[in-house]
Amino acid sequence: MQGKKTFHIITFGCQMNVRDSQWLGRALMARGFREAPLEQARVVVVNTCSVREKPEQKVMSALGRIRQATGGDSRVLVCVTGCVAQQLGTSLFAKEQQVRLVAGSDGIANAPQAVERLLEEPELRLDLLDFTQHYVEREPAPAPGGKGGPLAYVNIMQGCDNFCAYCIVPFTRGRQKSRNSKAILDECRTALAEGAREITLLGQNVNAYGRDSSGDNVSFAHLLHAVAALPGLTRLRYVTPHPRDMSSDDIAAFAELPQLCPRLHLPMQAGSDAVLARMRRRYDSTAFLHLVEALRKARPDIALSTDLIVGFPGESEDDFQETLRMVQTCGFMSSFSFCYSDRPGARAVLFPDKIPAEIAQDRLLRLQALQDKLTSAWLWGRTGTTTTLLIEGRSPRDWPGEGLGWQGRDPYGVPVHVKLAAEKDHTGQLVPVVITEAKKHSLLAQRLEESPQASKRHRP
Ligand code: SAH
Ligand code: SF4
Ligand code: F3S
């Protein structure tokens, strides 16, 4: 183990957890800590997720790995944060000697202070598990050296009020609490000053932003306009919206804001109206298709991706066929699909007609085979078109003897590999390219100046 002020963070789960971990790391760095490999860290944080299967086992095996890597050293301070911490609470203390801090979704805001105190008081254990009434503003945590990279993630809310029948989020992240719009804009400005060119607004149900007592009467569409107007911002994205909460202003924003990328992750979950009703999604397949149509009208080049659950209690083969049909009709460019699993506290735990694992697994494979076809067709459809990449860093793909590979994303968020001059760092640059080839989940491209002929072949 190295000095007292070293830390290591292990992150599971969604983009919000990734951002929480980034914030916590930066807040520790602002206190003089530095990042270290697991074996050498004095403070180890496991930031956890409980949205799908076996989250508890995942956390316990991470804690086991930590014990091994640190030789069970009692001076190592292990902290469990996030959704599983919220769920299991102080019972985690009994499960693992090294754990001395458990902090839930709202409690994480005070984790940096708690870490400092726990290092001073080796006998102490602390829990930060209370939900707050309002969004907890966290201390600003600047990027190290004032340089934060081209992509920034900014929380706009916490929690969810929807209580979809399968979902644990309202229990682990609490009720929906919108963040003050001024604080959001300030954080966006800081990120832009630190070098960000793309901002992703984060929340469990972003387009319900402002519709709770914690907001300041700014709607989601207004917020989008305000963020898009910030000088220096090239690209704006958000995750995750709920289909039911997409307002006409949210749809119009795709026509009005050139910064808003033509890509929307819109979780559909299922295609059958009966299943959607039991899931308590509050839309049916017709409403979903109308929404897709309205989005395409506002932004003809928009690409949609989605989340899907198969094997929800009571799902028949016909219900599942409806999902396949809807996926085909909507032509999703990609999707995340999961077998339903019981989550403690969620209503569907009590539903009869649980689907046997083999049947759910078989449906998942059939769904994923369809999605692979759609994804491949969509990616190949991009070849020959021109676009702009925001370069994120070096690519593992090289062009031997010719130049170095760099990786960026197109406006659709697809990873694209491109050969660029070797001599400088291209991170954060916007590079015009023509797409030349599709891989399974990514694209290859050529810098435009190098291919003047191809550059004439614009997308229709
Ligand atoms: N609105 C949230 C949803 C979080 S959960 C967000 O995306 O930020 C992410 C996805 O996990 C859901 O869209 C759903 O498809 C899947 N999921 C949630 N609970 C699940 C469960 N009990 N079983 C299987 N999949 C689930
Ligand atoms: Fe997992 Fe949901 Fe918590 Fe994110 S909010 S970490 S997806 S349970
Ligand atoms: Fe979960 Fe539904 Fe909210 S999926 S996060 S309860 S919108």
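As the structure lists them, so they are numbered: ligands from 1, and atoms in each ligand from 1.
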Original post:
What part of C339, side chain, backbone, both or neither, has a heavy atom within less than 4.0 angstrom of ligand 1?
Top reply: backbone
**OP:** Please assess Q371 against V327 for the test side-chain contact (heavy atoms from CB on, under 4.5 Å), listing each intermediate value before the final yes or no.
**Re:** CA-CA 8 Å; Q371 185 60 59; V327 166; 3.9 Å; yes
Subject >> Ligand-side contact atoms (ligand 1) for residue partner Q204, heavy atom cut-off under 4.0 Å >> reply: 1 (N), 2 (C), 3 (C), 4 (C), 6 (C), 8 (O)
**OP:** Give the numbers and elements of all ligand 1 atoms closer than 4.0 Å to a heavy atom of Y340.
**Re:** 23 (N), 24 (C)
Original post:
Name the one of R280, R52, R281, R278 that satisfies side chain to side chain donor-acceptor pair (under 3.5 Å) with Y166?
Top reply: R281
Subject >> Contact (N/O only, under 3.5 Å) between S341 and ligand 1 >> reply: yes
Original post:
Ring centres of Y412 and W378 under 6.0 Å apart?
Top reply: yes
**OP:** Measure from NZ or CZ of R19 to the centre of the six-membered ring of Y153, then state whether that distance is under 6.0 Å and the direction lies within 45° of the axis.
**Re:** no
Name the atoms and distances for all side-chain donor-acceptor pairs under 3.5 Å in residues 154-161, with sequence neighbours left out.
| from | atom 1 | to | atom 2 | distance (Å) |
| --- | --- | --- | --- | --- |
| Q158 | OE1 | R173 | NH1 | 3.1 |
| D161 | OD1 | Q176 | N | 2.9 |

Subject >> Check: N180 side chain, K182 main-chain N or O, donor-acceptor pair, under 3.5 Å >> reply: yes
Original post:
With a 4.0 Å heavy-atom cut-off (strictly under), which part of V51 contacts ligand 1: side chain, backbone, both or neither?
Top reply: both
Subject >> Under-4.0 Å heavy-atom contact with ligand 1, by part of R52 that carries it >> reply: side chain
Subject >> Polar protein atoms (N, O or S) that approach atom 1 (Fe) of ligand 3 to under 2.8 Å >> reply: C167 SG
Original post:
Got a donor-acceptor contact below 3.5 angstrom from the S335 side chain to the S337 backbone?
Top reply: no
Original post:
Counting each atom of ligand 1 from 1 as listed, which ones have a heavy atom of D307 under 4.0 Å away?
Top reply: 9 (C), 10 (C), 12 (C), 13 (O), 15 (O)
**OP:** Heavy-atom contacts with H242 under 4.0 Å: which atoms of ligand 3 show up? List them by number with element.
**Re:** 7 (S)
Subject >> For E116, side chain to side chain donor-acceptor pair (under 3.5 Å) partners two or more places apart >> reply: R31
Original post:
When you look at R299 and D301, which way does the salt bridge (charged side-chain N to carboxylate O under 4.0 Å, His left out) test go after all the steps?
Top reply: CA-CA 6 Å; R299 190 75 172 256; D301 64 343; 3.3 Å; yes
Original post:
When only distance counts, is Y166 in polar contact with ligand 1, meaning an N/O pair under 3.5 Å?
Top reply: yes
Original post:
How does H242 reach ligand 1, if at all, at less than 4.0 Å between non-hydrogen atoms: by side chain, backbone, both, or neither?
Top reply: neither
Let me have the donor-acceptor pairs involving side chains of residues 346-355, under 3.5 Å, with sequence neighbours excluded, atom names and distances please.
| from | atom 1 | to | atom 2 | distance (Å) |
| --- | --- | --- | --- | --- |
| K354 | NZ | D342 | OD1 | 3.4 |
| K354 | NZ | D342 | OD2 | 3.4 |
| K354 | NZ | V349 | O | 2.7 |
| K354 | NZ | F351 | O | 3.4 |

Subject >> Given V206, L266, N207, the one that forms side-chain contact (heavy atoms from CB on, under 4.5 Å) with H242 >> reply: N207
**OP:** Could you point out which residue of R237, R409, R263 forms a salt bridge (Lys or Arg N to Asp or Glu O under 4.0 Å) with E198?
**Re:** R237
**OP:** Please say whether R343 places an N or O atom under 3.5 Å from an N or O atom belonging to ligand 1.
**Re:** no
**OP:** Report the part of R281 (side chain from C-beta onward, or backbone N, CA, C, O) that has a heavy atom under 4.0 Å from ligand 3; answer both or neither where that applies.
**Re:** side chain
